[in-house]
Each structure stands twice: as C-alpha cells, then as structure tokens.
Asks: 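Before I ask anything, here is the structure I am working with.
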Amino acid sequence: MPELPEVETTRRGIAPHITGVIIRAAVVRQRRLRWPVPAGLSRRLAGQVITAADRRGKYLLLGTSDFTVIIHLGMSGSLRMVTDGVMPGPHDHVDLCLGNGLRLRLRDPRRFGAVLLTRRDPMLHPLIRNLGPEPLTDAFDGAWLHRRAAGRRAPVKSLIMDSRIVAGVGNIYASEALFLAGILPARRAGRISLKRYEVLAGAVKRVLTEAIEQGGTSLRDFVNGSGEPGYFLQRLLAYGRAGEPCVNCKTAIAQRVLGQRMSYYCPRCQR
DNA sequence: AGTGCGGCCTGTCCGC
DNA sequence: TGCGGACAGGCCGCAC
C-alpha cells in the first residue's frame, strides 16, 4: 500500500491522538509479520508515554519515554485510531491501547509490515541507518542523484526506488516522477545528465508534496488514521494507465516490467 | 559494489 | 459459479 505520502498522511492523522498519551498495554493477535513482533511488547510498553510521532522514509517512529516503536506498513498495512470496544477484524494484528480510551490499530492482510522496538537512537537501527536522504529536504537534489548514479547501468527507476539513494519513493511515485520529468524509466542511471537529474529531483519533490496534500493514493484499501481514503489516485498521470492516452500527447501509455516492478510511461514524451 | 532474484503473505481480478 | 494463475503500493538477504 503505502509509500512516503501515505505514511506521512497516516502520521499526521494519528499524531494528535497519541502524542502525550500513556500506553496502557499492547494486544498482539498475530506475531508473525515481516519480522516477529517483539516478545513482551505489552509488558515493555505499559506505562510508557508517547512523546513523538515521526517518520523516516516509510518508517513510522513512535517515541516513548524509554523506547522507539518502529512501524512499517509493508504492502498492505494501515493504522487507524479506534475506540475501545471496536471489534478487531481478521487482519487487525496489533493494538496499542492508550490511556485516553483510544487504540492505535494495525491492520495488515499481507503481513509484509513490521512492528519493532528499540531502546537506542532509532536513526542507528539497522533498518533506518542506511536510508538515503529524505526526498523533501535540501539534502536530496539533482547533484546528489547524479553523483550516486555514476557508473550505474541499472534503470533510473530502480535507482530512485533504492532506499539507500533516496528514502520513501515507491513504485507509484517513481513512475509519476519520471513521467513529469520526461525521462524513460528504463534509461540507464549512469547515462543521464546532471541537468536532467535536477529536473527529476524536482519532479520527485513535486509529486510527493502534491500526494501528501491530497491525503495519499488509495488503490485498494489505503486509509488514513480516521479510516478515510486519499484522493491522489485521480491525479495519477502514468501509474496504472496502460493503454490510456497520455495527457500531453495522446499517445497510449505503455507498461513494462523493470526490476520486477511494473512501470508505466509515455513512449513519446519520455526520453 | 552493483545487480538480479527468491521469498515472505493474502486478496482480488481475469480468463477459462 | 468455480478454479487456477497472475498480479499487487515493499524490501531483505543472498548469490553472482
């Protein structure tokens, strides 16, 4: 489900309900996610106050008095606030039960998501440590992309989906950004000019910013912390539009698998 | 070091 | 209406 805009939408939705609130307990109905949910989660979190709801790439970082709860939504995960007493569905795997009568509930049918716990600086966690810059900061720009692309023969789409290069760009927004930038997704990363990478970096920032403003993209079941869908789906120009006319030139949008992921592009506008 | 895959899961959709 | 197979928003860990 979620790329950076969907995770950010989730973060903004839940933050007001959880920050400054004490955790009473955790209910774990299914431990087997991407990695096992830590043993003793409820015992360790009971009494902890949530002090922050941050995001790094696609990871949500819930800071508490002594820990950070690291949450990843994988392919099909969503988080929402429910009141105590709302019955869990079959894929509602974890609840954080809060002192204000609300629960933060993780639903994840495919179980590619994760709930982890660390006592240390979360930025040093193995899953976080090697992430590239946040795409919406100044650390991410065309010069950075151009430098990291040097010598790479893989497709540029694979480059911008590599979380070590830039954090949080997934399959939807990679296709969208390349469409906006007029670059073919299959073009070899090492053979693109600095000038074009500057355009691409701008396109990544633009598409992610606009998607956040629209509350993310709901393809199947993405919902924000209140259970509402996002509206960026209606603004997708390439992703999922194979065979439909390009908004610029009317040529049929093409699709092709690159790096095991489906890619969508205009064979005329993108070079 | 960079690249390409298998694998982890369930739900949905499509063609027969 | 049922069934098999392909596919889906991620990404680690491994072999080469």
Side-chain angles (χ1 to χ4, degrees), chain A residues 1-10 29-37 55-60 70-79 89-94 106-116 125-132 135 145 147-177 185-191 204 207-208 211-212 214-224 229-236 238-243 255-264:
Chain A
M1 168 232 320
E3 301 184 32
L4 186 151
E6 291 73 40
V7 178
E8 178 61 19
T9 296
T10 298
R29 301 180 193 82
Q30 169 62 270
R31 289 195 59 199
R32 300 181 53 213
L33 304 183
R34 179 73 163 80
W35 294 280
V37 177
R55 178 187 59 73
R56 179 76 175 94
K58 299 175 192 170
Y59 292 89
L60 278 168
I70 300 174
I71 300 175
H72 196 285
L73 299 178
M75 202 84 126
S76 61
S78 61
L79 281 171
H91 304 298
D92 289 339
H93 304 313
V94 178
L106 172 70
R107 173 175 298 181
D108 186 5
R110 289 178 72 180
R111 289 197 266 135
F112 289 172
V115 177
L116 299 170
H125 191 279
L127 293 174
I128 311 283
R129 196 171 50 204
N130 296 318
L131 293 177
L145 277 181
R147 185 152 65 85
R148 296 303 304 269
R152 287 198 179 231
R153 310 183 76 248
V156 61
K157 177 160 178 278
S158 301
L159 181 84
I160 61 173
M161 289 182 66
D162 184 337
S163 65
R164 295 165 303 180
I165 304 295
V166 55
V169 179
N171 203 32
I172 294 181
Y173 300 110
S175 275
E176 292 301 294
R187 187 161 295 285
R188 297 197 193 258
R191 302 182 59 190
V204 168
V207 71
L208 295 179
I212 291 169
Q214 295 295 308
T217 298
S218 294
L219 279 189
R220 287 185 175 71
D221 54 4
F222 170 71
V223 291
N224 65 19
Y231 297 99
F232 196 72
L233 179 62
Q234 300 147 35
R235 306 264 286 266
L236 296 179
Y239 184 86
R241 297 192 64 236
Q255 64 176 17
R256 177 181 168 187
V257 176
L258 291 170
Q260 300 161 283
R261 311 300 299 276
M262 191 58 75
S263 309
Y264 301 86

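Per chain, numbering begins at 1; letters A, B, ... match sequence-line order. For the numbers below, each heavy atom of this structure counts, side chains included, while hydrogens, waters and symmetry mates do not.
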Asks: Taking only side-chain N and O atoms of A:His72, does any of them lie within less than 4.0 angstrom of OP1 or OP2 on C:dC11?
Replies: yes

Asks: Calculate the interatomic distance between A:Leu33 atom CG and C:dC11 atom P; express it in whole Å.
Replies: 15 Å

Asks: Tell me every residue that passes side-chain contact (heavy atoms from CB on, under 4.5 Å) with A:Arg29, counting only those two or more places apart in sequence or in another chain.
Replies: A:Val27, A:Pro88, A:Asp92, A:Asp95, A:Arg103, A:Arg105

Asks: Base, sugar-phosphate, or nothing for A:Tyr173, non-hydrogen atoms under 4.0 angstrom?
Replies: nothing

Asks: Please state how far atom CZ in A:Arg164 lies from atom C1' in C:dC11, giving the value in whole angstrom units.
Replies: 11 Å

Asks: Within this structure, what is the CE-to-P distance between A:Met161 and C:dA8, rounded to whole angstrom?
Replies: 11 Å

Asks: Below 3.5 Å between N/O atoms, which protein atoms pair up with nucleotides 11-14 of chain B? Just atom names and distances, please.
Replies:
unit_1	atom_1	unit_2	atom_2	d
B:dG11	OP1	A:His91	NE2	2.5

Asks: Test of understanding: with salt bridge (Lys or Arg N to Asp or Glu O under 4.0 Å), list the residues that count as partners of A:Arg256, not counting sequence neighbours.
Replies: none

Asks: Could you pull out all residues at least two apart from A:Arg241 that satisfy salt bridge (Lys or Arg N to Asp or Glu O under 4.0 Å)?
Replies: A:Glu244

Asks: Return the set of residues passing side-chain contact (heavy atoms from CB on, under 4.5 Å) with A:Ala177 (not counting sequence neighbours), or none when no residue passes.
Replies: A:Leu200, A:Ala203, A:Val204, A:Val207

Asks: Run the salt bridge (Lys or Arg N to Asp or Glu O under 4.0 Å) test against A:Arg56 and tell me which residues pass, sequence neighbours left out.
Replies: A:Glu134

Asks: Let me know the distance between CD1 of A:Ile165 and C1' of C:dC11, rounded to the nearest Å.
Replies: 15 Å

Asks: Among the nucleotides C:dG10, B:dT3, C:dA8, which one has an atom lying closest to any side-chain atom of A:Asn171?
Replies: C:dG10

Asks: Please give, in whole Å, the distance from B:dC9 P to A:Gln30 CD?
Replies: 9 Å

Asks: Give the rounded distance in Å between these two atoms: CZ of A:Arg261 and P of B:dT3.
Replies: 17 Å

Asks: Check salt bridge (Lys or Arg N to Asp or Glu O under 4.0 Å) between A:Arg164 and all other residues, then give those that pass, not counting sequence neighbours.
Replies: A:Asp162

Asks: When the distance from CZ of A:Arg32 to P of B:dG7 is rounded to whole Å, what number comes out?
Replies: 16 Å

Asks: Output one line per pair: protein atom, nucleotide atom from nucleotides 12-16 of chain C, and distance, for all N/O pairs under 3.5 Å.
Replies:
unit_1	atom_1	unit_2	atom_2	d
C:dC12	OP1	A:Tyr59	OH	3.4
C:dC12	O4'	A:Arg34	NH2	2.4

Asks: State whether the aromatic ring of A:Phe112 stacks on the base of C:dC11, taking stacking to mean ring centres under 5.5 Å apart and ring planes under 30° to each other.
Replies: no

Asks: Could you check A:Glu176 against A:Leu236 for side-chain contact (heavy atoms from CB on, under 4.5 Å), going step by step and ending with a plain yes or no?
Replies: CA-CA 7 Å; A:Glu176 292 301 294; A:Leu236 296 179; 3.8 Å; yes

Asks: Mind checking what makes ring-ring contact (aromatic ring centres under 6.0 Å, His included) contact with A:His72, not counting sequence neighbours?
Replies: A:Tyr59

Asks: So A:Arg153, base contact, sugar-phosphate only, or nothing? Heavy-atom distance under 4.0 Å.
Replies: sugar-phosphate

Asks: As a quick check of understanding, evaluate side-chain contact (heavy atoms from CB on, under 4.5 Å) for A:Ile165 and A:Arg152, giving each step before the final call.
Replies: CA-CA 12 Å; A:Ile165 304 295; A:Arg152 287 198 179 231; 3.7 Å; yes

Asks: Only counting residues at least two apart or in another chain, list the ones meeting side-chain hydrogen bond (donor to acceptor under 3.5 Å, both in side chains) with A:Ser263.
Replies: A:Lys157

Asks: Defining pairs by Watson-Crick or G-U wobble geometry with both distances under 3.5 Å, how would you list the stems of DNA chain B with at least three pairs each?
Replies: B:2-8 with C:10-16, B:10-16 with C:2-8

Asks: Can you tell me the distance, in whole Å, between the CZ atom of A:Arg29 and the P atom of B:dT10?
Replies: 17 Å

Asks: Quick one: side-chain hydrogen bond (donor to acceptor under 3.5 Å, both in side chains) partners of A:Tyr173, sequence neighbours excluded?
Replies: A:Glu6, A:Thr217

Asks: Under 3.5 Å, is there a donor-acceptor pair between the A:Ser76 and A:Asp108 side chains?
Replies: yes

Asks: Using the P atom as the point on both nucleotides, what is the distance between C:dC11 and B:dA1, in whole Å?
Replies: 23 Å

